[in-house]
Amino acid sequence: MTALRIILGDRLSEQISSLDGADPQQDIILMCEVTAEATYVKHHKKKLAFIFSAMRHFAEELQAKGYQVDYIRLDQDAPLHSFTEAIEQIFATHKLDHIITTEPGEYRVLMEQQSWAETFDLPVFIRPDTRFLCNHAEFERWSAGRKSLRMEYFYRDMRKKFAVLMEGDQPVGGQWNFDNENRKSPQPSFDVPDTYHSAPDAVTRDVLHLVETQFADHMGDTSQFHFAVTAAQARAALAQFIEERLPYFGDFQDAMIQGKPWMYHAHIGLYLNVGLLLPLDCITAAEQAYRDQKAPLNAVEGFIRQILGWREFVRGIYWQKMPDYAELNFFEAKRALPAFYWDADTKMNCMHQSVTETAQNAYAHHIQRLMVLGNFALLAGIDPRQVNDWFLSVYADAFEWVELPNVTGMALFADGGLLASKPYASGGTYINKMSNYCKGCSYKVNQKSGPDACPFNYLYWDFLDRNREKLGNNHRVGMMYKVYDRMADDKKQAIYYDSSAFLMGLDAKTNTG
Ligand code: DLZ
Ligand code: SF4
């Protein structure tokens, strides 16, 4: 029995289930670069280069181990459009009995995989993605009968299940979560270590050329490409993070400093999400650093929570709630995404810096994404579909299973509170506390109204006022309504007028802030 084994661009691990039991002599492994995947949203150039280069390196590694890999490139004479077309091409030259693949990271692709049995009249085996630490059945069991789903309880169960940071049945340090220690303000004088750099080799240089020629109108450029593109390099990137940045990761997790895009974050999400790193390897390395007294508990716990808790949790929600989840729009937000999400042309310095760094690096750290870029979209009432497409295309680590719940659920509260207990809305004060952006801004963060006032300030109150019907009963927001209701009428009016003028300006694209 000869199998066609399919490996998609975000499943680049020898542990991937579609390779289980593979016969290197007989089976054909198919990997394909296809235009549909590169363009269904216009992925950032560095993201495309990262995925294609990592795919080509992985194919070479499999070939060196004796596997027969049929690798379809986009820079061949007639590039292929879709996965289905690529399979058709293989069947034209090979006699194969069945197809084996691993479930994808997107509902859209799962639908495509499920159509293959009929299209090709063959058995198709879609195996579970065993790289994740919580499978679908376990997540169903955990979530069954719960009124609301909160990551914290899920995370505690995962800590116990994998005996991570545990002393017997108790959490190390007597607390599950040290987030309250993780909000220190930034010091611009910090000498933040640089992120991992790997020089592009011949394979990567080919891919960079391909991306520049075939995807010239996508965001970003390909200069100074430095991502890891093999598992060995990704492990080096992880080791560098653990050694140089993990000790400070917790304290300054929410800090933003102008001109320092990488801060003390790990920048390994892209490697985890395509399979160059495995979750337990990252968790074990961080825990070891704590046990060796090389990093404090608040940093290590915070990092582990992202991988063992949040990452698994959002994936569970995604598969449980799709396809409806992609359509949710709790606030009925309809505004078009402003052009400055692409060209950074805005006077709001926090937005300008975050978009500029996104364009340069296909990366922004979580608090820029959440508190600046996501928060603005929430306050301004931008259509969740457009916000999701933007986040999905511009970040190298973004695949729909992780991007959609983070944006729709966490940043936009467009699921009405399934994922978060209240909208993550904030005015300029919090951005000012956690960054030095406001110092270089044309707007004044301390001004609440008038042409120079920080737009986040009035938009925050206007957002609450606009959505009272939907949020008024949320007891975590109730306090803020009390503050608003106590404001003098002229203050309320100023909020309304400033917000209306600003939002009309956004719509007219004359005043983009
Ligand atoms: C994101 C992406 C891109 C840009 N290109 C490819 C590709 O050419 N070939 C491929 O196999 N996968 C690619 N991917 C990832 C897919 O779009 C999709 O996110 C995953 O296959 C879902 O598991
Ligand atoms: Fe952003 Fe407002 Fe600060 Fe300007 S003043 S950087 S718009 S928070």
Side-chain angles (χ1 to χ4, degrees), residues 6-12 16 18 30-56 58-59 71-74 79-83 86 101-113 126 129 131 207 210-211 214-215 218 256 258 270 273-275 318 346-354 362 368 371-373 375-376 379 392-393 395-404 426-448 452-460 502 513:
I6 298 173
I7 298 186
L8 302 181
D10 58 347
R11 336 270 66 203
L12 309 177
I16 202 71
S18 57
L30 171 64
M31 296 179 67
C32 44
E33 299 165 10
V34 289
T35 49
E37 296 306 312
T39 56
Y40 74 100
V41 292
K42 286 175 110 179
H43 296 288
H44 191 296
K45 285 182 189 152
K46 283 201 169 90
K47 178 181 192 180
L48 290 173
F50 165 63
I51 293 173
F52 294 157
S53 178
M55 285 174 71
R56 290 184 185 189
F58 186 64
Y71 191 96
I72 297 172
R73 294 165 61 129
L74 262 181
L80 295 188
H81 181 64
S82 66
F83 296 135
T101 188
T102 296
E103 61 179 334
E106 269 192 48
Y107 186 84
R108 173 186 62 86
V109 180
L110 180 64
M111 293 300 102
E112 185 173 350
Q113 289 183 341
I126 303 175
D129 189 347
R131 292 174 304 163
V207 163
L210 156 78
V211 170
Q214 295 195 23
F215 304 100
H218 287 215
M256 299 176 278
Q258 185 154 332
L270 71 172
N273 293 351
V274 302
Y318 177 82
T346 164
K347 286 189 329 190
M348 290 180 285
N349 194 36
C350 53
M351 293 292 288
H352 175 75
Q353 295 300 330
S354 301
Q368 292 173 304
M371 191 194 293
V372 179
L373 299 159
N375 185 23
F376 182 83
L379 299 184
L392 186 59
S393 52
Y395 293 118
D397 49 73
F399 296 88
E400 198 182 67
W401 65 267
V402 60
E403 174 278 322
L404 184 69
S426 89
T429 311
Y430 195 57
I431 297 177
N432 190 33
K433 176 169 182 280
M434 297 317 304
S435 79
N436 63 350
Y437 291 149
C438 300
K439 287 195 183 73
C441 187
S442 321
Y443 293 110
K444 306 274 174 289
V445 71
N446 295 326
Q447 277 186 31
K448 309 290 176 208
D452 291 338
C454 165
F456 283 84
N457 288 343
Y458 47 76
L459 287 177
Y460 172 78
F502 182 87

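Numbering of ligands and ligand atoms starts at 1, following listing order.
- If you number the atoms of ligand 2 from 1 as listed, the ones under 4.0 Å from a heavy atom of Met348 come out as 7 (S).
- Put simply, the side chain of Leu12 reaches to within 4.5 Å of the side chain of Met31, judged on heavy atoms.
- The nearest pair of heavy atoms linking Asn457 to Val445 is ND2-O, 2.8 Å.
- Remark: ligand 1 atoms within the under-4.0 Å shell around heavy atoms of Gly105 are 22 (C), 23 (O).
- Nearest to atom 8 (S) of ligand 2 by heavy atom, out of Cys441, Cys454, Ala453, is Cys454.
- The residue among Cys32, Ala36, Pro79 with a heavy atom at the shortest distance from atom 7 (C) of ligand 1 is Cys32.
- For atom 2 (C) of ligand 1, the nearest protein heavy atom (residue, atom name, distance) is Ile51 CD1, 3.9 Å.
- In Met55, the part holding a heavy atom less than 4.0 Å from any atom of ligand 1 is the side chain.
- Looking only at heavy atoms of the protein, atom 21 (O) of ligand 1 is closest to Leu8 CD1, 3.2 Å.
- Pro104 places none of its side-chain heavy atoms less than 4.5 Å from the side chain of Phe399.
- The two atoms that bring Lys47 and Ala396 nearest to each other are CG-CA, 3.7 Å, heavy atoms only.
- Taking every heavy atom of Asp10 and a limit of under 4.0 angstrom, the matching atoms of ligand 1 come to 20 (C), 21 (O), 22 (C), 23 (O).
- There is a side-chain donor-acceptor pair under 3.5 Å between His81 and Thr35.
- Looking at atom 1 (Fe) of ligand 2, its nearest protein heavy atom turns out to be Cys350 SG, 2.4 Å.
- Atoms of ligand 1 lying under 4.0 Å from any heavy atom of Phe83, numbered from 1 in the order shown and given with element: 9 (N), 10 (C), 11 (O), 12 (N).
- Of the protein's non-hydrogen atoms, the one nearest atom 11 (O) of ligand 1 is Gly9 N, 2.8 Å.
- With a 4.0 Å cut-off on non-hydrogen atoms, Glu37 touches ligand 1 through its backbone as well as its side chain.
- With hydrogens left out, the protein atom closest to atom 19 (O) of ligand 1 is Glu106 OE2, 3.2 Å, a heavy atom.
- A pairwise comparison of heavy atoms in Arg131 and Asp129 identifies NH2-OD2, 2.8 Å as the closest pair.
- Taking every non-hydrogen atom of Ile431 and a distance limit under 4.0 Å, the qualifying atoms of ligand 2 come out as 8 (S).
- When each atom of ligand 1 is checked for a heavy atom of Glu33 under 4.0 Å away, the hits are 8 (O).
- By the 4.5 Å heavy-atom criterion applied to side chains, Arg56 and Glu33 are counted as neighbours.
- Contact detail for Gly105 and Arg11: the closest heavy-atom pair is N-NH2, 3.6 Å.
- For ligand 1, the atoms closer than 4.0 angstrom to any heavy atom of Pro104 are 22 (C), 23 (O).
- The single protein non-hydrogen atom nearest to atom 15 (C) of ligand 1 is Phe399 CE2, 4.1 Å, given as residue, atom name and distance.
- Using a 4.5 Å cut-off on side-chain heavy atoms (C-beta onward), Ser82 and Val34 make no contact.
- For the residue pair Glu400/Tyr318, the side-chain donor-acceptor check at 3.5 Å is satisfied.
- Considering only heavy atoms from C-beta on, Phe376 comes within 4.5 Å of Leu459 through its side chain.
- When every heavy atom of Gly428 is checked against every heavy atom of Phe456, the shortest pair comes out as N-CB, 3.6 Å.
- Ligand-side atoms of ligand 2 in range of Val445: 5 (S), range being under 4.0 angstrom from any heavy atom.
- The distance from atom 3 (Fe) of ligand 2 to the nearest N/O/S atom of Cys438 is under 2.8 Å.
- Here the shortest heavy-atom distance to atom 4 (C) of ligand 1, taken over Leu48, Val34, Val211, belongs to Leu48.
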